[in-house]
Amino acid sequence: MTGKNNNKNPSLHEWQQLAEKELRGRPLQDLERRSGEGLTIKPLYTADDLDDLDHMTGLPGLPPFTRGPRATMYAGRPWTIRQYAGFSTAEESNAFYKKNLAAGQQGLSVAFDLATHRGYDSDHPRVAGDVGAAGVAIDSVEDMKILFRDIPLDRVSVSMTMNGAVLPVMACFIVAAEENGITPQQLAGTLQNDILKEYMVRNTYIYPPEPAMRIVADIIRYTAQHMPKFNPVSISGYHIQEAGATLVQELAFTLANGLEYVRTAINSGLDVDNFAPRLSFFFGIGMDFFAEIAKLRAARLLWAELMQEHFSPKDPRSRMLRTHCQTSGVSLTAADPWNNIMRTTIEALAAVLGGTQSLHTNAFDEALALPTDFSARIARNTQLVIQEETGICDVVDPLGGSFFIESLTGQFVTKARKLIDEVEALGGMTRAVEQGMPKQRIEQAAARRQARIDRGDEVIVGVNKYRRDIEEDIDILDVDNEAVRKSQIKRLEAVRAGRDEQACQQALAALEAGARGKENLLDLAIKAARARATVGEITTALEKVYGRHKATTPVISGVYGAIYKDDEKFESLKKDISHFAGQQGRKPRLLIARLGQDGHDRGARIIASAFGDLGFEVITGPLFQTPAEAARQAVEDSADLIGISSLAAAHKTLVPQMLDELAKSNVGDKPVICGGVIPPKDHQQLYELGVSAIYGPGANILDTAGEVLELIRKSAWGSNT
């Protein structure tokens with residue numbers, strides 16, 4: 001089992017005898033396992049496992065770059081330490097950035113609030129609960145100038161996680177720098193600008209796929225001409241993994257997205273070597289330590305091969321995959337959150353040993369709220385300790401040649417290549433996204449993993465094993481959403497009052513006309529930003545031409561339940577639900593309402609899938625509902641219970657509004673529960689408002705379903721008496 005040919009390594013037979021003796025009669029095959037990735041993991045690897053692995057022959061800095069994109073890697077220059085941060089107002093975020101830069105951070109990575117992501121100004125009625133809550137609010141050039149005040153943008157690189165509202169945000173950034181004497185040619189950094197993965201997992205899209213891909217191409221073309229140090233696209237696997245994808249899926253779908261962006265740019269008239277060297281990638285790093293290392297090595301090899309096969313670039317840098325990494329957010333637990341410090345450290349080590357070019361380490365309290373100064377310092381210092389104290393930076397690709405790592409890298413290459421070929425056979429990633437293939441595969445993987453965790457087959461320390469009886473309070477960052485919104489509205493009013501309105505409207509009209517024609521949209525957006533058009537106004541000008549995209553994706557079924565086949569607890573709960581349905585004449589009906597502008601819907605869709613497998617009738621409201629819209633749906637669909645999904649700190653605004661709307665309707669007596677990232681300190685307030693139960697990250701779905709059934713049963717009995 002441990003070698004392809006035991007005759008090549010006679011000592012293997014002796015090892016097998018010793019191993020079987022230690023196992024006391026258990027078969028040696030018991031130590032072999034299949035990972036959640038579908039990878040075969042053996043207890044021992046030898047040189048025999050390296051047969052036919054061509055990637056072993058490469059050297060760092062040379063194609064196919066398996067061992068690293070730079071010849072000297074960290075021995076010549078360590079990775080860049082970044083922290084993804086932004087919250088509340090531009091003033092507060094600016095102070096936070098300057099403090100972090102002084103403490104050793106080497107580049108900025110901006111988190112925008114959800115209103116900005118979705119192209120709404122802070123005074124728009126749809127974003128009342130989202131302004132400043134999960135990132136910094138940016139409405140105009142004036143906000144952007146404050147955000148980077150006293151920060152030398154000609155020396156500090158800036159990464160911006162922005163996809164939906166890329167045009168107005170990039171335009172405001174360029175104009176803000178310009179008005180501080182820094183030209184576009186001097187700006188260094190990265191724009192995420194990865195819209196395909198938004199349709200797959202994160203959902204902060206604005207326009208339909210076809211015009212959105214045109215915007216991507218226009219940004220690539222503009223930066224190729226005017227911003228030689230700026231990376232126009234960061235092709236992101238991070239959010240794919242966070243949505244529940246296996247590492248193989250994350251790798252394959254990310255590279256397939258990359259191929260699509262390269263095609264789009266070439267079809268717009270660019271030569272591959274004019275832009276491909278400045279494409280970058282962004283991968284998530286979870287707790288499967290060795291698999292994450294192998295994934296990054298496989299990514300570099302595959303990208304080099306795919307670029308050569310599809311586009312035949314002349315510049316070897318066009319085949320080079322450079323990546324930023326971020327430790328996993330979904331691996332962070334609300335229960336016993338101090339454990340997250342260890343998790344982040346392990347994940348950071350995997351990213352470094354895998355050869356990342358820059359890294360963000362999550363703070364331990366991010367399963368509860370935005371990070372505090374205290375937790376952000378620990379997260380940043382995690383990288384500083386690894387970089388300065390461990391000696392890891394002394395050697396290029398220190399795990400290169402490891403029997404296990406090289407074999408695992410080969411498995412990733414084979415399995416990811418198969419999935420990429422499947423996407424290509426559908427016509428590329430745009431067509432695959434339109435058909436829903438990636439989203440369905442990812443949701444199936446997420447449901448399977450959640451079922452394994454709920455069953456205890458996959459251990460999460462402090463959640464489903466070694467759980468503490470009493471959780472201690474953790475100090476968390478609390479953003480006053482209403483105060484931020486008032487501040488933003490005041491500045492918006494000042495911007496609109498102080499601008500040349502005629503010049504602004506002319507620039508917006510030119511942008512709208514450009515959307516109907518072929519002019520470069522980023523160039524036109526920059527002109528509008530100079531005239532002090534706001535993020536929302538620039539977005540609306542394009543929306544008049546393209547409309548807003550509305551996704552309709554069915555909930556998967558049968559995947560969660562299949563893991564629980566013949567499980568006594570699962571079957572007993574199914575019978576209870578079936579019995580209730582028999583008494584009431586229909587299945588218990590649950591409405592899952594997704595309020596505000598947060599598009600992360602992994603948890604809500606897993607709940608919908610699992611509850612459906614148990615026998616509930618689950619109605620999933622559309623993304624981005626207002627409380628009034630969700631309450632109206634609860635009435636129209638005669639919901640027995642309303643579940644509110646909250647992940648982006650909007651619960652203090654939107655949940656009370658939802659309860660008020662329900663009170664006005666004839667379903668005000670129906671139980672309401674909340675799920676998602678809600679700090680424990682806010683629980684009592686929600687209970688006093690009328691929320692019946694709150695379920696945070698790590699809640700067991702079967703236990704939750706049993707409690708939900710009991711709430712519905714009590715409500716139904718109450719309504720019949």
(request) Taking side chain to side chain donor-acceptor pair (under 3.5 Å) as the test, write out the residues that go with Ser236, two or more places apart. (result) His239

(request) Please identify each residue that fulfils side-chain contact (heavy atoms from CB on, under 4.5 Å) with Ala217, with sequence neighbours left out. (result) Thr264, Ser268

(message) Whether the side chain of Asn163 engages the backbone of Asp194 through a donor-acceptor N/O pair (distance < 3.5 Å, no angle test) should be reported.
(response) yes

(request) Grab the two heavy atoms, one from Ala212 and one from Tyr207, that are nearest each other, plus how far apart they are. (result) CB-O, 4.3 Å

(request) Not counting sequence neighbours, which residues clear ring-ring contact (aromatic ring centres under 6.0 Å, His included) with Phe275? List them please. (result) none

(request) Please check if any side-chain donor atom of Glu443 sits under 3.5 Å from a side-chain acceptor atom of Ser609, or the reverse. (result) no

(request) Any pair with a residue in residues 616-626 that passes salt bridge (charged side-chain N to carboxylate O under 4.0 Å, His left out), sequence neighbours left out, goes on the list, sorted by first then second residue, please. (result) Arg589-Glu617

(message) Can you list everything that forms a side-chain contact (heavy atoms from CB on, under 4.5 Å) with Ile607? Sequence neighbours excluded, please.
(response) Ile592, Phe611, Ile701

(request) Mind telling me whether Phe283 and Phe281 have parallel, tilted or perpendicular rings, with 30° and 60° as the class edges? (result) parallel

(request) Please work out whether the ring planes of His549 and Tyr199 are parallel, tilted or perpendicular, with thresholds of 30° and 60°. (result) perpendicular

(request) Look at Arg417 together with Glu305 and state whether they make a salt bridge at an N to O cut-off of under 4.0 Å. (result) yes

(request) Using the six-membered ring wherever Trp is involved, compare the ring planes of Phe282 and Tyr238 and label them parallel, tilted or perpendicular (cut-offs 30° and 60°). (result) parallel

(request) Quick one: list whatever passes side chain to side chain donor-acceptor pair (under 3.5 Å) with Asp421, sequence neighbours left out. (result) none

